[in-house]
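The analysis underlying the following values was restricted to heavy atoms, covering all of them including side chains, and did not include hydrogens, waters or symmetry mates. First listed ligand is number 1; within each ligand, the first listed atom is number 1.
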Amino acid sequence: MAPPRVLIVPGSARSQALSKRLAAAALAAIDRAAGAGTLIDLALFEMPLYHADLEAREGVPEATRRLQALIAEHEALLIASPEYNGSMTPLLVNTLDWCSRVDRANPTRSGLAIFADKPAALVGSSPGAFGGLRALIHLRDLLGYLGMVVIPQQVVIPRAHQAFDADGGLVDPTQRAALEAVAAALVRAAA
Ligand SMILES: Cc1cc2nc3c(=O)[nH]c(=O)nc-3n(C[C@H](O)[C@H](O)[C@H](O)COP(=O)(O)O)c2cc1C
């Protein structure tokens with residue numbers, strides 16, 4: 001059986017994003033769990049702020065179509081989320097909102113169809129004390145509305161600016177084990 005494909009999405013496009021570091025650590029954990037991870041950078045999927053008039057006029061943006069195709073060809077999704085004001089980033093909401101819209105030229109590989117019944121996992125990071133935990137609560141809800149099956153295992157990394165070693169691994173063995181457990185559960189669910 002081919003290894004289940006997992007699309008890994010950091011919720012920040014910032015070049016030095018802590019969530020990108022966590023996503024890279026998750027990629028390694030997914031591969032160790034015998035999955036096949038694909039790590040993307042939302043900086044390469046720039047979309048305008050969702051506006052229904054814009055959609056009516058121009059359809060979904062080209063970057064949305066590219067990301068929808070990627071989501072469609074992966075069996076599972078892992079999001080590494082930062083926390084903005086106790087919730088997820090506007091970048092993440094906007095990206096997911098656009099991807100939930102149907103591309104009339106490609107209706108079976110766009111919109112809610114690409115999320116339906118697919119397993120998802122959430123991991124969070126922030127320099128603060130909660131490690132993005134509050135963002136994950138909102139994100140879990142949103143992915144549920146999209147029809148995804150969000151696995152119960154998750155991990156948050158508080159004080160994330162101090163959490164990684166020079167090789168990008170998590171310093172804390174408990175956090176490391178929790179990330180491995182998330183990856184293993186997601187790969188199992190995707191298989
Ligand atoms: C608008 C805004 C709101 C923020 N709110 C929170 C917050 O609620 N909790 C928190 O821990 N950090 C908060 N932060 C700090 C971010 O966690 C920090 O900038 C983090 O590094 C952003 O994620 P990234 O490193 O993945 O880009 C906020 C930052 C911004 C810009």
Side-chain angles (χ1 to χ4, degrees), residues 6-32 35 37-51 61 63-64 66-67 70-71 74 76-100 115 120-146 148 150-183 186:
V6 179
L7 186 66
I8 301 170
V9 182
S12 170
R14 193 170 72 87
S15 55
Q16 297 302 313
L18 297 167
S19 51
K20 286 185 178 176
R21 285 196 226 171
L22 180 55
L27 173 68
I30 290 287
D31 289 347
R32 277 192 295 275
T38 307
L39 174 58
I40 64 163
D41 183 344
L42 289 180
L44 303 176
F45 295 86
E46 212 170 291
M47 302 173 200
L49 188 60
Y50 178 81
H51 193 301
T64 304
R66 278 192 288 120
L67 186 51
L70 267 180
I71 295 170
H74 284 75
L77 181 68
L78 184 147
I79 296 181
S81 180
E83 181 175 280
Y84 277 11
N85 295 318
S87 191
M88 65 200 100
T89 58
L91 172 68
L92 208 42
V93 180
N94 191 55
T95 300
L96 290 169
D97 281 349
W98 270 118
C99 288
S100 73
F115 296 102
L122 300 176
V123 298
S125 56
S126 93
F130 296 110
L133 178 64
R134 295 170 301 186
L136 298 200
I137 295 167
H138 295 272
L139 197 46
R140 182 171 287 277
D141 223 22
L142 192 163
L143 294 184
Y145 281 114
L146 295 179
M148 302 199 87
V150 187
I151 64 168
Q153 294 85 349
Q154 64 179 32
V155 61
V156 290
I157 311 296
R159 315 256 176 255
H161 54 298
Q162 300 165 344
F164 297 93
D165 61 28
D167 297 325
L170 283 163
V171 174
D172 182 279
T174 309
Q175 291 177 345
R176 226 168 31 231
L179 185 60
E180 299 294 319
V182 169
L186 184 62

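- Interface of Ala17 with ligand 1, defined as ligand atoms under 4.0 Å from a residue heavy atom, comprises 24 (P), 25 (O), 26 (O), 27 (O).
- Evaluated by nearest non-hydrogen atom to atom 16 (C) of ligand 1, the leading choice among Arg21, Glu83, Arg14 is Glu83.
- Taking 4.5 Å as the limit, some side-chain heavy atom of Ile40 sits within range of a side-chain heavy atom of Phe45.
- For ligand 1, the polar-atom distance check finds an N/O of Ser19 within less than 3.5 Å of one of the ligand's N/O atoms.
- In this structure, atom 19 (O) of ligand 1 is not in close contact with the protein, since no protein heavy atom lies within 4.0 Å of it.
- In terms of polar-atom proximity, Pro82 is not counted as a contact of ligand 1, lacking any N or O under 3.5 Å from an N or O of the ligand.
- Shortest contact from atom 27 (O) of ligand 1 to any protein heavy atom: Ser12 OG, 2.7 Å.
- Within the 4.0 Å heavy-atom cutoff, Arg134 counts among the residues contacting ligand 1.
- Judged by distance alone, with hydrogens and angles left aside, the side-chain atoms of Arg140 form a donor-acceptor pair with the main-chain N or O of Ile151 at under 3.5 Å.
- Nearest protein neighbour of atom 11 (O) of ligand 1, counting heavy atoms only, is Ser126 OG, 2.7 Å.
- Closest protein heavy atom to atom 5 (N) of ligand 1: Asn85 N, 2.7 Å.
- At distances below 3.5 Å, not a single donor-acceptor pair connects side-chain atoms of Arg21 with backbone N or O atoms of Ala163.
- Atom 24 (P) of ligand 1 has its closest protein heavy atom at Leu18 N, 3.6 Å.
- Taken to the nearest 0.5 Å, the CD1 atom of Ile157 stands 12.0 Å off from the OG atom of Ser19.
- Residues Gln153 and Leu186 have side chains not in contact (no heavy-atom distance under 4.5 Å, counting atoms from C-beta outward).
- When only interatomic distances are considered, the shortest N/O to N/O separation between Ser125 and ligand 1 does not fall below 3.5 Å.
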For residues 8-15, which side-chain N or O atoms pair as donor and acceptor with protein atoms under 3.5 Å away, sequence neighbours left out?
residue : atom : partner : partner atom : Å
Ser12   : OG   : Arg14   : N            : 3.2
Arg14   : NH2  : Gln16   : O            : 3.3

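- Considering all non-hydrogen atoms of both residues, Val155 and Leu136 come closest at O-CD1, 4.1 Å.
- For the pair Phe115/Leu143, no side-chain contact is recorded, criterion being any heavy-atom separation below 4.5 Å from C-beta on.
- Considering only residues two or more places apart in sequence or on other chains, Tyr50 meets the ring pair (Phe, Tyr, Trp, His ring centres under 6.0 Å) condition with Trp98.
- The single protein non-hydrogen atom nearest to atom 17 (O) of ligand 1 is Pro127 CD, 3.3 Å, given as residue, atom name and distance.
- Residue-to-ligand polar distances place Gly86 within reach of ligand 1: an N/O pair is separated by less than 3.5 Å.
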